[in-house]
Amino acid sequence: MKSEIDTVIQRTQRYWYVDGLGEMAVGLMLAIFGLYFSLFPLFENQNLGLAVALGQPVLLLLLWWLGGKAVRALKERITYPRTGYVLVARKKKPLSRLALAAITAMVVGALVGLIQAFAAGSRLIIPTVVGAFLAFSVAIIGRRFGLARFYVLAAYTFGIGLLTGILSLTETQQNTFLFAMFGLGWIISGAVTFARYLASTRPPNGDIP
């Protein structure tokens, strides 16, 4: 059973997701990350191909940094004047958010590589397992912050994994489609949340920014 303190902490942390801006930023980041896979076939030279592959964590770091700045700027312009600013206390961790983003990118890439190594020739199992892994991660976020819409997003993500395996796509096309559609799900979820937020809130002076 949750204590009252845990409930307050969860409610405070959940406030970051109240406007959907963060979700749209993550979705855009994931969609761009997915489209990045489509560059691989353009480079027949192995050295260039390796450089493109190694550029994935760098791209995710850059997108994570730019997305964070954009979301904070938009919250200061739209969210905080409407429903106030809530400082979320965070424990100091040895890894920064950027490092965590890079590790996430490498883990996903390694997961795809391992599954391909042990399931060569199977076009269904690879995207299905990756989709299940991503869906599980989204469900964890939903449970941690008490966000029901993330369970819907998790189900959507798993469905996209299955669909990716069923479609007749090459390996590169599978990766592009899976992550681009995964990002689209976040964008839609964030956009719906943002529309509802704007409809239910108003800044103190009554003007809509």
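Taking Leu147 as the reference, Arg14, Tyr17, Phe145, Arg149, Phe150 meet the side-chain contact (heavy atoms from CB on, under 4.5 Å) condition, with sequence neighbours excluded.
Here the side chains of Tyr156 and Val138 are not in contact, with every heavy-atom distance at 4.5 Å or above. Considering only heavy atoms from C-beta on, Phe194 comes within 4.5 Å of Ile78 through its side chain. With contacts defined as side-chain heavy-atom distances shorter than 4.5 Å, the pair Phe182/Ile160 does not qualify. With a 4.5 Å cut-off on side-chain heavy atoms, Arg196 and Val192 count as touching. You'll find the side chain of Leu74 stays beyond 4.5 Å of the side chain of Thr79, heavy atoms only.
With rounding to the nearest 0.5 Å, the separation of CG in Leu30 from CE in Met181 is 12.5 Å. Here the straight-line distance linking atom CG of Leu162 with atom OG1 of Thr157 works out to 11.5 Å at 0.5 Å rounding. To the nearest 0.5 angstrom, Leu184 atom CG is 15.0 Å from Phe179 atom CZ.
The closest donor-acceptor contact from the side chain of Tyr15 to the backbone of Thr83 lies under 3.5 Å. Side chain of Lys75 to backbone of Trp16: a donor-acceptor contact under 3.5 angstrom is found.
Transitive grouping of hydrophobic side chains (ILVMFWY, heavy atoms separated by less than 4.5 Å) brings Val130 and Ile141 into a common cluster. Linking ILVMFWY residues whenever their side-chain heavy atoms come closer than 4.5 Å, directly or via other members, places Met29 and Val71 in the same cluster.
Side-chain polar atoms of Ser189 and Glu23 form a donor-acceptor pair below 3.5 angstrom.
By the 4.5 Å side-chain criterion applied to Ile, Leu, Val, Met, Phe, Trp and Tyr, Phe136 is assigned to a cluster that also includes Ile140.
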